[in-house]
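Reviewing the structure listed below.
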Amino acid sequence: MAARFWRVAVRKAARSCRPDLPAVGRKLEILRKRAAFLAIAASGKRWVAPGFILQIGTAHPATPAVFYGLTASRKIGNAVTRNRARRRLRALAAEILPHASPEHDYVLIARATTPTGKYNDLRQDLVKGLKRMKVWREDACP
RNA sequence: CCAGACGGUCGGAUGAUCGCCCCUUCCUUCAGGUUGGGGAGGAAAGUCCGGGCUUCAGGGGAAAAGGGUGCCGGAUAACGUCCGGUCGGGGCGACUCGAAGGAAAGUGCCACAGAAAACAAACUACCUUCUCGUAAGGGAGGGAAAAGGUGAAAAGGUGCGGUAAGAGCGCACCGCGUCUUUGGCAACAAAGGCGGCACGGAAAACCCCACCCGAAGCAAAACCGAAUAGGAGCCGCAUAGCGCAUACCUGAUAUUCGUAUCAUAGGUGCGCGGCGCUUUCCCCGCGCGCGGCUCGGGUUGGUUGCUUGAGGCGUUUGGCAACAAACGUCCCAGAUGAAUGAUCGUCCAUUGCAGCAAUGCGAUGACAAAACCCGGCUUAUAGACCGUCUGGCGCU
């Protein structure tokens, strides 16, 4: 009940701050180049949750958008499973990552439980992880 | 109604909120907004066959090697696929399965067991002659291959006759071989004659015969952009060439500036020769130095290829069928760290618990996701539905 209310509030906030572009941490861009993934992995900062692994790249000047990438390896299952994991992570990123600092790049790595776990758990874990790593911005539009 | 055979269709439904990719309308400050439309499969899978397409200039012929296919006829762009037959297995049946050419071209093989595994042979045992012995029985020679035993297989089978015992030794039927006739396009089948049995298995050992096959793949390939980038150097080989023609182009000379002349300047054309052209050879044709080593550089990106196709659906006609033709109609994914979804309800299935029950609470949702495109094959697949047929049982 509380979670539902919280989610609606976020959506309202996201909608309300749309007019004032270009504000920090609003848009999302997906990384597609192998070199970018390697650079983020090399920074070594990672946070492991039951449903996924979060990697954070080294700090750089803030960009207009938050860059993030998704990885679903052969290990977690066949093509259907990998697709489902990647799509759940993409939905999660669309909801949560506007709150992340645009001074870093992020990579979400799918684990075996990603396609089957509870969506609420995934969401809470990601928020927790961002706060732990001190890249959480409470207001999406400061 | 039960059990089964074959073929086909589908393979969760629906709503709300928030999104993604492609095409498109309009607005436009060129960054977006906006209108409308489309967006995974029967196997998209495995990548096992067959094609299209692209590149290696291309085309034709022959040979060798290698690979593939293998009853007959048809379908098809093609196939190892499909359809219809034949033959041989399985099933009461519907139906189904089949590495189904040649063993009389040749070489080799047939384990174990057994006497013997392919010019047949003879262990036990059978018959007989001679001989030794009182006898039981033994020894030597001959006949024969029926009985026993071994084996996947023992050189036709069963019955009768025959014989010292036996044996296709003779006869009948069956099998086999061969010839003829008939039916069939054919594979093959049927009938009749002849033969007295010759020809064991395995070709999934090599092999022979007939037919087919160039290679690599969309990371193909083309273009744009970028870059000193079809780069530079050295070595080796080679006739790095020769002849003829040509004033058309560049060039040279002369010039009255209009042009003329020059073939021992280059280009160009033709011929000869050399090398190369996807294993080799020949012919046509095409291209032109070739080969090796060293140094330096490049490999990001974008666009095209990219989805209108041996296309889908419907009707009619031909055909037993696979399929073909005609007409009508439709446009139906195009991503590239890879879109086609995420979340939450309701319903539908399956299932667990509780309950006398109505029902309630919870869990789960087959296999599996396009990657240039088609035709097949193979494998995976919870469940639902439809049609045709077979064998039972019951009823009228």
Side-chain angles (χ1 to χ4, degrees), chain A residues 1-131 133 135-142:
Chain A
M1 189 64 187
R4 191 178 298 178
F5 173 77
W6 173 84
R7 185 161 50 83
V8 170
V10 166
R11 208 188 303 136
K12 273 185 183 167
R15 212 183 289 136
S16 70
C17 63
R18 192 161 282 168
D20 9 305
L21 285 167
V24 168
R26 187 151 303 110
K27 279 170 54 188
L28 293 174
E29 287 288 335
I30 298 184
L31 297 170
R32 298 190 187 282
K33 301 295 168 215
R34 178 174 167 76
F37 283 82
L38 292 177
I40 293 169
S43 79
K45 292 180 70 178
R46 42 190 264 154
W47 192 77
V48 180
F52 58 89
I53 297 172
L54 173 68
Q55 286 184 330
I56 299 178
T58 51
H60 54 75
T63 48
V66 175
F67 285 87
Y68 76 102
L70 300 171
T71 294
S73 74
R74 259 267 163 78
K75 257 188 297 186
I76 69 166
N78 61 17
V80 176
T81 309
R82 292 201 301 276
N83 270 340
R84 184 168 168 78
R86 192 157 44 223
R87 282 161 183 162
R88 292 191 93 191
L89 289 180
R90 186 181 297 131
L92 193 67
E95 193 176 338
I96 306 295
L97 281 187
H99 291 278
S101 163
E103 295 167 354
H104 295 274
D105 295 337
Y106 305 89
V107 169
L108 290 171
I109 302 173
R111 306 187 71 187
T113 55
T114 306
T116 55
K118 292 237 187 239
Y119 188 71
N120 266 333
D121 294 344
L122 292 178
R123 187 163 52 204
Q124 283 164 13
D125 281 340
L126 182 54
V127 171
K128 201 163 98 185
L130 291 173
K131 286 179 174 170
M133 307 303 268
V135 291
W136 173 260
R137 298 290 180 271
E138 193 54 52
D139 192 353
C141 347

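As the structure is a computational prediction, the values presented were derived from the model and not from experiment. We name chains A, B, ... by the order of the sequence lines, and we start the count at 1 in each one.
Classified by interplanar angle (parallel below 30°, tilted 30° to 60°, perpendicular above 60°), the ring pair A/His99/A/Trp136 is parallel.
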Protein N or O to nucleotides 333-337 of chain B N or O, pairs below 3.5 Å:
from   : atom 1 : to      : atom 2 : distance (Å)
B/G337 : O2'    : A/Leu31 : O      : 3.1
B/G337 : N7     : A/Arg32 : O      : 3.4
B/G337 : N7     : A/Arg34 : N      : 3.4
B/G337 : N2     : A/Thr71 : OG1    : 3.0

Please list each protein N or O that sits under 3.5 Å from an N or O in nucleotides 364-373 of chain B, with the distance.
from   : atom 1 : to      : atom 2 : distance (Å)
B/A369 : N7     : A/Asn83 : ND2    : 2.4
B/A369 : N6     : A/Arg87 : NH1    : 2.6

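For residues 76-87 of chain A, the set of pairs meeting the side-chain hydrogen bond (donor to acceptor under 3.5 Å, both in side chains) definition, not counting sequence neighbours, comprises A/Asn78-A/Thr81, A/Asn83-A/Arg86.
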- request: Go through A/Gln55 and A/Lys45 one step at a time and tell me if the side-chain contact (heavy atoms from CB on, under 4.5 Å) criterion holds.
  value: CA-CA 6 Å; A/Gln55 286 184 330; A/Lys45 292 180 70 178; over 6 Å; no
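Not counting sequence neighbours, the partners of A/Ala93 by the side chain to side chain contact (heavy atoms under 4.5 Å, CB included) test are A/Tyr68, A/Leu97, A/Leu108.
Contact of the A/Tyr119 side chain with the A/Leu92 side chain is registered, since non-hydrogen atoms from C-beta on lie closer than 4.5 Å.
If you measure from atom CG of A/Asn120 to atom P of B/G345, you get 10 Å, rounded to the nearest angstrom.
Taking atom P in both B/A368 and B/C372, the straight-line distance is 23 Å, to the nearest Å. Atom P of B/A62 sits at a distance of 26 Å from the matching atom of B/G70, rounded to the whole Å. Taking the P atom of each, B/G200 and B/G102 are spaced 14 Å apart, rounded to whole Å.
Rounded to the nearest 0.5 Å, atoms CZ (A/Phe52) and CG (A/Asp125) are 5.5 Å apart.
Between A/Leu54 and the choices A/Ile109, A/Leu130, A/Val107, the side-chain contact (heavy atoms from CB on, under 4.5 Å) rule is met once, by A/Leu130.
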